[in-house]
Amino acid sequence: MNFGGVIENVMTREEFPLEKAREILKDETIAVIGYGVQGPGQSLNLRDNGFNVIVGQRQGKTYDKAVSDGWVPGKTLFSIEEAAQKATIVMCLLSDAAVMSVWPTLKQYLTPGKALYFSHGFAITWNDRTGCVPAKDIDVIMVAPKGSGTSLRTMFLEGRGLNSSYAVYQDATGRALERTLALGIGIGSGYMFETTFQREATSDLTGERGSLMGAIQGLLLAQYEVLRENGHSPSEAFNETVEELTQSLMPLFAKNGMDWMYANCSTTAQRGALDWYPRFHDAVKPIMQWLYMSVKLGNEAQISIDSNSKPDYRQGLEQELKALRESEMWQTAVTVRKLRPENN
């Protein structure tokens with residue numbers, strides 16, 4: 001398929017229908033290991049699409065959530081070890097930190113002919129740091145939804161699909177690609193585009209630290225602070241910085257692109273946007289280049305590994321998130337959301 005003059009390998013649901021996916025995986029037992037971020041969406045979509053799915057999860061709150069979602073202990077819900085043993089396809093949907101800690105246990109159940117599936121290339125791309133080195137006699141594959149597990153599930157229930165990338169790292173059976181594509185359709189992908197584990201991991205870490213999360217928070221906070229420092233009220237600063245972006249402009253942008261969003265704004269807004277975007281581009285691109293190099297060299301992966309390995313990591317993370325949540329900008333957001341018409 002042609003993307004702006006560049007040809008990419010893409011698979012759509014029309015080309016690879018659900019019936020074909022079911023036929024390919026009809027004799028497979030799919031074990032979803034981990035019921036955290038991606039686990040619920042992928043396992044529930046597979047179950048609803050008629051695949052033979054079980055879940056492997058340790059006891060605790062997450063295990064209880066799986067039970068509340070209809071997974072039955074001893075029938076479709078097991079320990080990680082038992083689920084991995086029963087499966088022919090092991091979908092490793094644990095966090096990157098959890099993958100490293102569980103790997104010594106998990107790998108003993110990855111017997112010849114099985115498939116090891118990921119939704120992120122992190123563990124394999126930096127396996128010199130994570131220790132996740134799979135045996136040569138199994139398939140190692142990936143389908144990476146381009147969004148959260150919650151979005152994957154929500155869009156599935158709405159009859160839509162979330163786009164995903166796919167990759168084959170190791171084909172031991174000769175069936176790795178068809179297994180990958182069938183799973184991608186089964187979990188509810190919209191269309192799937194080909195990548196590699198290394199490219200997915202690199203682009204994913206760059207995106208999270210860049211425009212998707214890190215950069216957007218930094219940009220919004222900078223504008224909000226400048227407006228507040230110049231006498232604008234919290235409500236005005238937040239509406240001009242965040243609310244108009246998320247509630248008015250982004251839906252236009254998502255529907256038909258940036259040019260269409262511009263065309264549906266005032267001529268004053270258009271002029272300002274066209275004049276100022278090159279300045280932001282020139283200011284930000286060096287930071288993006290620096291970020292990409294840090295990811296490519298493995299520095300960002302090592303920072304994550306080191307942080308996730310600390311015994312008090314979750315407590316420290318919660319303190320950082322609490323500070324973000326309690327900042328003036330995001331406390332203003334709480335009030336603004338309550339004032340939206342749909343909440344009154």
Margin query: Using the rule that Ile, Leu, Val, Met, Phe, Trp and Tyr join whenever any side-chain heavy atoms are under 4.5 Å apart, tell me whether V37 and L94 fall into a single cluster.
Written below: no
Notebook entry, point to check: Hey, does R13 have a side-chain heavy atom less than 4.5 Å from the side chain of I185?
Noted result: yes
Notebook entry, point to check: For the hydrophobic clusters of this structure (ILVMFWY residues joined by side-chain heavy atoms under 4.5 Å, transitively), does one cluster hold both I305 and L317?
Noted result: no
Note to self: What I'd like to find out is whether the side chain of K285 reaches to under 4.5 Å of the side chain of D282, using heavy atoms alone.
What the structure shows: no
Next item on the list: Give, for atom CD of E178 and atom CG of D171, the distance between the pair rounded to the nearest 0.5 Å.
Entry: 9.5 Å
Item checked: Any donor-acceptor N/O pair, T130 side chain to A123 backbone, under 3.5 Å -> yes
Notebook entry, point to check: Between T154 and S151, is there a donor-acceptor pair closer than 3.5 Å when you use the side chain of the first and the backbone of the second?
Noted result: no
Next item on the list: Can you measure from CD (E194) to CG (L181) and round to the nearest 0.5 angstrom?
Entry: 9.0 Å
Checklist line | Gap between atom CD1 of I138 and atom OH of Y109 - 0.5 Å precision | finding: 15.0 Å
Checklist line | Linked, directly or transitively: M288 and L220 (ILVMFWY side chains, under 4.5 Å) | finding: no
Check: Could you go step by step and tell me if V53 and T76 meet the side-chain contact (heavy atoms from CB on, under 4.5 Å) rule?
Finding: CA-CA 7 Å; V53 191; T76 56; over 6 Å; no
Notebook entry, point to check: Can any side-chain N or O of W260 pair as donor or acceptor with the backbone N or O of L252 at less than 3.5 Å?
Noted result: no
Check: Does the side chain of E229 come under 3.5 Å of the side chain of Y224 through a donor N or O and an acceptor N or O?
Finding: no
Notebook entry, point to check: Any Lys/Arg nitrogen of R175 or D139 sitting under 4.0 Å from an Asp/Glu carboxylate oxygen of the other?
Noted result: no
Notebook entry, point to check: Taking atom NZ of K296 as the centre, does the number of heavy atoms from other residues, nucleotides or ligands within less than 6.0 Å exceed 12?
Noted result: no
Notebook entry, point to check: Would R228 and E225 pass as an ion pair if we require N to O under 4.0 Å?
Noted result: no
Checklist line | Under 3.5 Å donor-acceptor, S327 side chain and L324 backbone | finding: yes
Check: Just by modelled atom types, is the W290 backbone N or O under 3.5 Å from a matching donor or acceptor in the S294 side chain?
Finding: no
Check: Between D48 and R153, is the closest basic N to carboxylate O distance under 4.0 Å?
Finding: yes
Notebook entry, point to check: Can you name the nearest heavy-atom pair linking Y166 to M192, along with the distance?
Noted result: CD2-CB, 3.7 Å
Item checked: Ion pair check, E243 and R340, cut-off under 4.0 Å -> yes
Next item on the list: Examine M100 and L93 and state if one hydrophobic cluster contains both, with Ile, Leu, Val, Met, Phe, Trp and Tyr joined whenever side-chain heavy atoms are less than 4.5 Å apart.
Entry: no
Note to self: Ignoring hydrogens, what is the shortest heavy-atom contact between L162 and S148? Give both atom names and the distance.
What the structure shows: CD2-O, 4.0 Å
Notebook entry, point to check: How long is the gap from OG1 on T202 to CD on E300, to the nearest 0.5 Å?
Noted result: 11.5 Å
Next item on the list: Side-chain contact test, heavy atoms from C-beta onward, threshold under 4.5 Å: evaluate it for T105 versus I80 and give yes or no.
Entry: no
Check: M329 versus L221: any side-chain heavy-atom pair under 4.5 Å?
Finding: yes
Margin query: I'd like to know if the side chain of S203 and the backbone of E200 have a donor-acceptor N/O pair within less than 3.5 Å.
Written below: yes
Notebook entry, point to check: Between E318 and R314, is there a salt bridge with N-O shorter than 4.0 Å?
Noted result: no
Check: Distance-only, no hydrogens or angles: does the T332 side chain make a donor-acceptor pair with backbone N or O of S235 under 3.5 Å?
Finding: no
Next item on the list: Taking the side chain as every heavy atom from C-beta outward, state whether I124 and F118 have any pair of such atoms under 4.5 Å apart.
Entry: yes
Checklist line | Value rounded to 0.5 Å, distance of OG in S304 from CZ in F122 | finding: 5.0 Å
Notebook entry, point to check: Heavy atoms, side chains only, cut-off 4.5 Å: are H120 and D204 in contact?
Noted result: yes
Next item on the list: Please answer whether the main-chain N or O of A98 pairs with a side-chain N or O of S95 as donor and acceptor at a distance below 3.5 Å.
Entry: yes
Item checked: Ion pair D275/R271, N-O distance below 4.0 Å -> yes
Checklist line | Close side-chain approach of M250 and E244, heavy atoms under 4.5 Å | finding: no
Item checked: Side-chain touch M142/T180, heavy atoms, less than 4.5 angstrom -> no
Checklist line | Check: Q198/W126 side-chain N/O donor and acceptor closer than 3.5 Å | finding: no
Check: Can R325 and E320 be counted as an ion pair, charged N to O under 4.0 angstrom?
Finding: no
Note to self: With no hydrogens and no angle check, just 3.5 Å: does a side-chain donor-acceptor pair link Q42 and S119?
What the structure shows: yes
Notebook entry, point to check: What are the two closest non-hydrogen atoms of S43 and P40, and how far apart are they?
Noted result: OG-O, 3.2 Å
Notebook entry, point to check: Will you find, in the side chains of T195 and S165, an N or O donor that is under 3.5 Å from an N or O acceptor?
Noted result: no
Item checked: E28/R22 ion pair, N-O < 4.0 Å -> no
Next item on the list: Report the relative orientation of the aromatic rings in F193 and Y191; use parallel for angles under 30°, tilted for 30 to 60°, perpendicular for over 60°.
Entry: tilted
Notebook entry, point to check: If only atom types and distance count, is the side chain of K114 paired as donor or acceptor with the main-chain N or O of A87 below 3.5 Å?
Noted result: yes
Next item on the list: Give a yes or no answer on whether the side chain of N230 reaches the backbone of V226 with a donor-acceptor pair at less than 3.5 Å.
Entry: yes
Checklist line | K86 to F78 six-membered ring, cation-pi geometry met (6.0 Å, 45°) | finding: yes
Notebook entry, point to check: With the threshold set at 4.0 Å, does a side-chain nitrogen-carboxylate oxygen contact exist between K20 and E15?
Noted result: no
Item checked: L227 CG to T241 OG1 distance, which is reported to the nearest 0.5 Å -> 5.0 Å
